[in-house]
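Bear in mind that the values here come from a model prediction, so they are computed numbers and not experimental data. Chain identifiers are assigned alphabetically (A, B, ...) following the order of the sequence lines, protein sequences preceding nucleic acid strands; residue numbering begins at 1 within each chain.
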Amino acid sequence: DVKVTQSSRYLVKRTGEKVFLECVQDMDHENMFWYRQDPGLGLRLIYFSYDVKMKEKGDIPEGYSVSREKKERFSLILESASTNQTSMYLCASSNPLSYEQYFGPGTRLTVT
Amino acid sequence: QKEVEQNSGPLSVPEGAIASLNCTYSDRVSQSFFWYRQYSGKSPELIMSIYSNGDKEDGRFTAQLNKASQYVSLLIRDSQPSDSATYLCAVKSPSSYKLIFGSGTRLLVRP
């Protein structure tokens, strides 16, 4: 079974803090993704990576950056957290042949 | 026009009935399609993937794909209250590894 884990289920941060969200997958998948999900707005892609040290912007990259130093780990960084970044953050990984994406449990981030 | 469209629902069906969830997509060259189930407060869980025209069955779930009409559907037979969730349709972008998700259909199965 594919396992995708995320570093925290719940996180509370203050405005202006630097926030790191980490994601680890154990299936040797090349592709990894970060989404945020908000009521009424659905899943929105922030960044994705198709290889170590490679990244591509998704639909809403502003205010975020990512890091992929190892194949199994993909980190999302909020350089200076703002209240409008309060959201559920979901990480996923996929096999490049089947394209099936498998999600981690999510991190509910609150920025106060 | 949204790239992947779903009726937001809620779709309400009685226990034991067939629930039919529909999804249309705009890019004619799309080749890979997926259904996810998402319970409230949880992350999406992959139910089915389908790549060829026709039906694909897995237990109580059947995915149907019609590329000519650009729609994909999910049938849930013998619906159970535990099937109550939001169902997300996703289509692989033809030009990258991204999946494009619909906004989801909320299904409510009444006991």
Rounded to the nearest 0.5 Å, what separation is found between the [atom1] atom of [X] and the [atom2] atom of [Y]?
X	Y	atom1	atom2	answer
Ser96(B)	Phe48(A)	OG	CZ	4.5 Å
Glu100(A)	Met48(B)	CD	CE	10.5 Å
Tyr36(B)	Tyr102(A)	OH	OH	7.5 Å

Applying a strict under-4.5 Å side-chain criterion to I, L, V, M, F, W and Y, I'd like to know whether [X] and [Y] cluster together.
X	Y	result
Val24(A)	Leu109(A)	no
Leu90(A)	Met32(A)	no
Phe33(B)	Tyr71(B)	no
Val52(A)	Tyr50(A)	no
Tyr64(A)	Phe74(A)	yes

Between Ser43(B) and Gly104(A) (side chain of the first, backbone of the second, donor and acceptor by atom type, cut-off under 3.5 Å), is there such a pair? yes
Do any of residues 33-45 of chain A have a heavy atom less than 4.5 Å from a heavy atom of chain B, and if so, which, in residue order? Phe33(A), Tyr35(A), Gln37(A), Leu43(A), Leu45(A)
Is it the backbone or the side chain of Tyr97(B) that comes under 4.5 Å from a heavy atom of chain A, or both, or neither? both
Of the backbone (N, CA, C, O) and the side chain (C-beta and beyond), which part of Glu45(B) lies under 4.5 Å from a heavy atom of chain A, both, or neither? neither
If you look at every heavy atom in Ser32(B) and Tyr99(A), which pair is closest and at what distance? OG-CD1, 3.7 Å
What side-chain donor-acceptor pairs closer than 3.5 Å can you find for residues 98-111 of chain B, not counting sequence neighbours?
unit_1	atom_1	unit_2	atom_2	d
Thr105(B)	OG1	Asn7(B)	O	2.4
Arg110(B)	NH1	Ser12(B)	O	3.4
Arg110(B)	NH1	Ser12(B)	OG	2.6

I want to check something: taking the side chain as every heavy atom from C-beta on, are Tyr51(B) and Ser98(A) in contact at a cut-off of under 4.5 Å? yes
